[in-house]
2 protein chains.
Amino acid sequence: MKILDEGSAASAAEPSGAQRGPATADAAEGARAEGPAAVGLRERKKRARREALIDATHRLVARDGLDAVTVDAICEEAGVSTRTFFNYFDSKDDAVLGHAPWPLTDEAAETFATGGPTGDLLADLRVLVTHVLETPPTGHDRMRRGFELAAHEPRLLAKHIAWMERSKGELTALLTRRLGDDPSHPLDVVTTLVLFVTHTAVMRWDANGGEGDAADQVDAVIADIRALVAP
Amino acid sequence: MKILDEGSAASAAEPSGAQRGPATADAAEGARAEGPAAVGLRERKKRARREALIDATHRLVARDGLDAVTVDAICEEAGVSTRTFFNYFDSKDDAVLGHAPWPLTDEAAETFATGGPTGDLLADLRVLVTHVLETPPTGHDRMRRGFELAAHEPRLLAKHIAWMERSKGELTALLTRRLGDDPSHPLDVVTTLVLFVTHTAVMRWDANGGEGDAADQVDAVIADIRALVAP
DNA sequence: GCCCGAATTGCAGTCGGTGCAAGTTTGCAC
DNA sequence: GTGCAAACTTGCACCGACTGCAATTCGGGC
């Protein structure tokens, strides 16, 4: 986590100088400080490239708008071949959002599945969502800039929701382990509600200027739902 | 509404015989019965083509899967030019889902905006959602087949959610008129929750084999949310 | 230094989607 | 029914996203 935060602080703060030409040098430098002692050069370069691509995409999209930016342009900006771009992301949109498999395979997940930490379903879901929101795969600020841009591009919002939808399977598995076949909380409602709470929390966090943590909004959102739906 | 139901019953039940060649004749016939006495030929043809395209898409996608079906194939099946396809739909995906602007500009919307019918927010939302679910723009069965296919194609589900997201603006406008700036029910939560309830209700309805009306599920979903989120 | 596997790259090709400039068809008035 | 304007359809040329393949380069362990 710290790795990403540092990395992003270094290379993402502002477009630096490199407006033109290959930014390979910058990117490589951006990844100089790695966390877990011995991370191979290979791995560092990979991360650096990935972040360079995301940053390049953000820069161009912020300036020209999503549809006006071609993948070729992004690649030129980042100094890689078009083909390589698609080795990193499945689509142009994914690059804006920095989409990557979210690491839910934590002890947090395990704890939740086995009935912890409190034993109360809602409270534990809250913990789970909070935990997920606090450990993004790409670093807070890059994530935030992705959302910033997504807020103005409906298609991106859709992609993001679709991406969340995909993790529904994972969540369902977790819930099944925990709930067994307890019919009092149908899976479809629980999973979908979790997703929507998460989504709304992130959106509010972004709307508030990204201050603090997205997780801070979770409680407020739940409270609002409760108020609306109360008998 | 009855128009569409009749039309779909006639031409959509099964692929009939026309597996090959222009289905223009079939399509034209499918639209023979128009509701509001005098609907111009132009309008009838338009609807017929639209439905023919949706049906052709459904047929091919059901057989070969979304990605294996090209727009050209759909057009050949339906007997129109490729260019025409895109006069009717913005994308291949939209054709599967039969997406069209949803007519929310009813008295129902007006009633809701002005505080009716009951005066209780939740109850009135329920009425609104129910009303919307009972008057689909393309006919129940076509809608159902769209969902059927969407359930197996993640991308389609995403598109559908995105499409709902788009109507959020409309809903927000409605809510603003009704609520003014009542801070006790933040707009983002209300709109998102409405979408969520609608979506889940439709999914359940589909999972139950499409018996009855999607609206029937709305109450159950709300009850489940309440149970989950209760203090 | 040397070799293996991983990552990058160029290329050729498919498909989705759009703008434009003809045709055709429909609605309408006379 | 004739004629005209508006609405639709269609073919065509074109762009850009994305993929599979085969050649090449590059990092890491020996």
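If you're wondering where the values come from, they're calculated on a predicted model, not measured in any experiment. Residue numbers start from 1 in every chain, and the chains themselves are labelled A, B, ... in the order their sequence lines are given, proteins ahead of strands.
Checking side-chain atoms of A/Arg59 against main-chain N and O of A/Glu77 turns up no donor-acceptor pair under 3.5 Å. The closest donor-acceptor contact from the side chain of A/Thr84 to the backbone of A/Val80 lies at 3.5 Å or more, if one exists at all.
Looking at heavy-atom distances under 4.0 Å, A/Ser91 makes contact with sugar-phosphate atoms alone, never a base. Using a 4.0 Å heavy-atom distance criterion, A/Asn87 is classed as a base contact.
Protein atom CG of B/Asp90 is 7 Å distant from nucleotide atom P of C/dT18, rounded to whole Å. Per the geometry, NZ belonging to A/Lys92 stands 14 Å off P belonging to D/dT19, to the nearest Å. Remark: C1' of D/dA7 and CZ of B/Arg47 are 16 Å apart, rounded to the nearest angstrom. Look at CG on B/Leu53: it is 9 Å from P on D/dT9, rounded to the nearest Å. The CG-P distance, from B/Leu66 to C/dC15, rounds to 14 Å in whole Å. Spacing between atom CG of A/Asp93 and atom C1' of D/dC18 amounts to 12 Å, rounded to whole angstrom units. The distance from atom NZ of A/Lys45 to atom P of D/dG28 is 9 Å, rounded to the nearest whole Å. The interatomic distance linking A/Arg83 (CZ) with C/dC11 (P) rounds to 14 Å, in whole Å.
Nearest nucleotide to the B/Phe86 side chain, out of C/dG16, C/dT26, D/dT10: C/dG16. Listed candidates were D/dT9, C/dT8, D/dG16. Nearest to the side chain of B/Thr84 is D/dT9. Distance from the side chain of A/Tyr88 is smallest to C/dA7 among D/dG27, C/dG16, C/dA7.
In summary, the side chains of A/Thr57 and A/Lys92 do not present any donor paired with an acceptor at a separation below 3.5 Å, with no hydrogens or angles considered.
Heavy-atom nearest nucleotides on DNA chain D were determined for A/Val69 and for A/Arg42, and the one closer to the 5' end corresponds to A/Val69.
By the 4.0 Å N-to-carboxylate-O rule, A/Glu43 lies close enough to A/Arg47 to be salt-bridged with it. Of the charged side-chain nitrogens involved, at least one lies within less than 4.0 Å of a carboxylate oxygen, so that A/Arg177 and A/Glu110 count as a salt-bridged pair.
Regarding contacts with the backbone of D/dC8, every side-chain N or O of B/Arg49 stays at 4.0 angstrom or more from both OP1 and OP2.
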